[in-house]
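Beneath this line is the structure, given in structure tokens, with notes to follow.
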Amino acid sequence: MTQIFKRGFQVVALFTLLAAATGCVVNPVTGKSELIIVSGAQELQIGAQNYQPMQQGQGGVFRLDPNINRYVSSIGQQIAQKSPRDLPYEFVVLNNSVPNAWALPGGKIAINRGLLMEMQSEAELASVLGHEIVHAAAKHSARQMTRGMLLQALVLGTAVVTNDSDYGQLAVAGANVGAQLLSTAYSREAERESDRYGMDYMTAAGYNPQGAVDLQRTFLRLSQERGQQPGFNLFASHPPSQERLELNTIKANELGNTGITGRDTFAAAMRTLRNAAPAYEAYDEGRKALANKDFNTANRLARNAISLEPREATFYGLLGDSALLQKNYDTAIRSYSDALNRDATFFYYYLQRGLAREQRGDVDTAAADLTASLKLFETAPAYFSLGRISRQQGDIERAKQFFAKAASSQSATGQAAQAELMRLDIGNNPDKYIPTRTGTDGNGALLVALQNPTSVNVKDLRLRIVYMDSNGQARTIERGLNGTLQAGQDTTINTGLGPFTSPDQFSVKLINAAIAE
């Protein structure tokens, strides 16, 4: 038998490399010429589009003390002024216990409250922000994307084809582009550049470069203490090392070890956060208890956190999550409302209250909450729930649109949404879900391959084949597949028609399919 299906692509590696040659630019930090396909305008666009979704997916903005955000931003802007690249730098503190910081292309930078809690001085904070500023200024993410593009193109040419967050995993495809960037480790060269030039910038802004040495010691300690903990990915993109500590020490000695350390200033700025530390510790333990379905412990720790710091919205969110998992919908709704009264800018409380209201049967108020959540952050659960509500209300076309959105998520919710979408749509559009390919065997007989790329088993597959017979007359015939085509599987049907020498002699269309319950 000859090769049944013609696959692949023409080799494009040479074309890609020639095109990439036009992407050589001067790194504004190092002055070196580098291959970067992503333009400056694209960097700005990527950063602007992903900054808000990334904040939502990483816990939302820290709201308990707005002065902390202003403090961090003021230091970041001072250091950014020393960068040779003029970008619309922004700095935000996220309400996330994981010690982490990150930069998106275009100068969009975030630091978690968890990392602030590990620092002892303003110089350490200046070191973190300087480091992230260099990542943005030196186009490190653009360099990563360029390498990814080239690698993908080379694979295609020769193929002849996030998580320190409780929330990012909810995102639909397209809402987590930034997370893909942040989950990719920077090269050792990029990390050394960010350390070196970040120390130059912080020193130029008046800070003691010893803060960068202290910070590396902190990172090494955290790596030893928490590096193997599930969900702890600080070092996925910023791996610490003894080498970096030694290089920072040498660099600090060269720069003079003078300037602002700011221990007292930093302590004063972080007073609210320090005072609330026991409450956040109780909350984190409560989250662990909830993950283990220990509801009594989770509720006790959430109430303990609230008693220590009643202004923090996320503590009420924990109570709501516990109640929702136990199907105590009234309690869940009250708890999420309490959270929203303290922070109406975080998608999660709208989403969870909407889900609780849907389960209680309040579909109108549920839809309003779910829609509000989507304006802040697009998630599969929100789209899936809205799909169920629309179907219940008889708006099938709108339900299909919502299910299609949710199905773009690579998650259990996405798979469930795909199943619901197919139930509504596969009867009218079977070939939308089950693609077909045609070829011939060694004798010219028509073969049809059916592929099921979905997560749902299908049955009752039927093909309509139109072909020219030996007399040049158009003929129509149907062929079916017995049994079930399993999710992720494919099969080939030998139609017995032919011989054919050209694909112009026949056409094939899948005309029927059904969900195999």
_Using the side-chain contact (heavy atoms from CB on, under 4.5 Å) criterion, which residues pair with P453? Sequence neighbours excluded._
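Residues passing side-chain contact (heavy atoms from CB on, under 4.5 Å) with P453: P435, Q451.
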*Residues two or more places apart in sequence or in another chain: which of them pass side-chain contact (heavy atoms from CB on, under 4.5 Å) with N248?*
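N248: side-chain contact (heavy atoms from CB on, under 4.5 Å) contacts with D195, M199, A212, V213, Q216.
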*Going by atom types only, do T218 and E118 share a side-chain donor-acceptor pair under 3.5 Å?*
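No pair is found: no donor N or O on one side chain lies under 3.5 Å from an acceptor on the other.
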*Is it the case that H135 and E193 place a side-chain donor and acceptor less than 3.5 Å from each other?*
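No donor-acceptor contact under 3.5 Å links the two side chains.
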N/O donor-acceptor pair under 3.5 Å between [X] side chain and [Y] backbone:
{"X": "S127", "Y": "A123", "answer": "no"}
{"X": "N292", "Y": "D294", "answer": "no"}
{"X": "T365", "Y": "D362", "answer": "yes"}

*Check the pair E312, Y280 against side-chain hydrogen bond (donor to acceptor under 3.5 Å, both in side chains), reporting the backbone distance first and the verdict last.*
CA-CA 9 Å; E312 174 55 74; Y280 287 112; 2.4 Å; yes
Using every non-hydrogen atom in the two residues, find where [X] and [Y] come nearest and quote the distance to one decimal.
{"X": "L376", "Y": "T345", "result": "CD1-O, 3.6 Å"}
{"X": "D343", "Y": "Y349", "result": "O-CD1, 3.6 Å"}
{"X": "L290", "Y": "L318", "result": "CD2-CD1, 3.7 Å"}
{"X": "D65", "Y": "A269", "result": "OD2-O, 4.5 Å"}
{"X": "L116", "Y": "V93", "result": "CD1-CG1, 3.8 Å"}
{"X": "S455", "Y": "Q418", "result": "N-OE1, 2.8 Å"}

*Output all residues satisfying ring pair (Phe, Tyr, Trp, His ring centres under 6.0 Å) with Y207, sequence neighbours left out; order by chain, then residue number.*
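With neighbours one apart ignored, the set is empty.
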*Residues in ring pair (Phe, Tyr, Trp, His ring centres under 6.0 Å) with F403, at least two apart?*
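Partners of F403 under the ring pair (Phe, Tyr, Trp, His ring centres under 6.0 Å) test: F384.
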Side chains of [X] and [Y], heavy atoms from C-beta outward: is any pair under 4.5 Å?
{"X": "L94", "Y": "N112", "result": "yes"}
{"X": "I333", "Y": "Q359", "result": "no"}
{"X": "L370", "Y": "I389", "result": "yes"}
{"X": "Y201", "Y": "P84", "result": "yes"}

Under the side-chain hydrogen bond (donor to acceptor under 3.5 Å, both in side chains) rule, collect the residues that match up with [X], sequence neighbours excluded.
{"X": "E285", "answer": "K288"}
{"X": "E358", "answer": "S385, R388"}
{"X": "S337", "answer": "R353"}

_Pairs touching residues 60-100 that satisfy ring-ring contact (aromatic ring centres under 6.0 Å, His included), sequence neighbours left out_ =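 For residues 60-100, and leaving out neighbouring residues, there are no ring-ring contact (aromatic ring centres under 6.0 Å, His included) pairs at all.
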*How would you list all residue pairs meeting salt bridge (Lys or Arg N to Asp or Glu O under 4.0 Å) that involve residues 257-281, not counting sequence neighbours?*
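Of all non-adjacent pairs touching residues 257-281, none passes salt bridge (Lys or Arg N to Asp or Glu O under 4.0 Å).
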*Which residue pairs satisfy the salt bridge (Lys or Arg N to Asp or Glu O under 4.0 Å) criterion with at least one member in residues 82-103, sequence neighbours excluded?*
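Sorted result for residues 82-103: E43-R85, E90-K108.
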*Roughly how far apart are L129 CG and S73 OG, rounded to 0.5 Å?*
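Here the rounded value is 9.0 Å.
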*Kindly compute the distance separating CZ (R244) from NZ (K251), expressed to the nearest 0.5 Å.*
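Output value for this atom pair is 14.5 Å.
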_Going by the rule salt bridge (Lys or Arg N to Asp or Glu O under 4.0 Å), which residues pair with R357 if we only count those two or more places apart in sequence or in a different chain?_
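If we apply the salt bridge (Lys or Arg N to Asp or Glu O under 4.0 Å) test to R357, skipping adjacent residues, the hits are D369.
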*asked:* Between L273 and L64, does the side-chain contact (heavy atoms from CB on, under 4.5 Å) criterion hold? Intermediate values first, please.
replied: CA-CA 8 Å; L273 189 54; L64 183 62; 5.9 Å; no
*For residues 315-331, which residue pairs qualify under side chain to side chain donor-acceptor pair (under 3.5 Å), counting only residues two or more places apart or in two chains?*
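Every side chain to side chain donor-acceptor pair (under 3.5 Å) pair that includes a residue of residues 315-331, provided the two are not neighbours, is R287-D321, N299-S322, Y316-R342, D321-Y336, D321-Y348, D321-Q352, S322-Q326, D330-R360, T331-R334.
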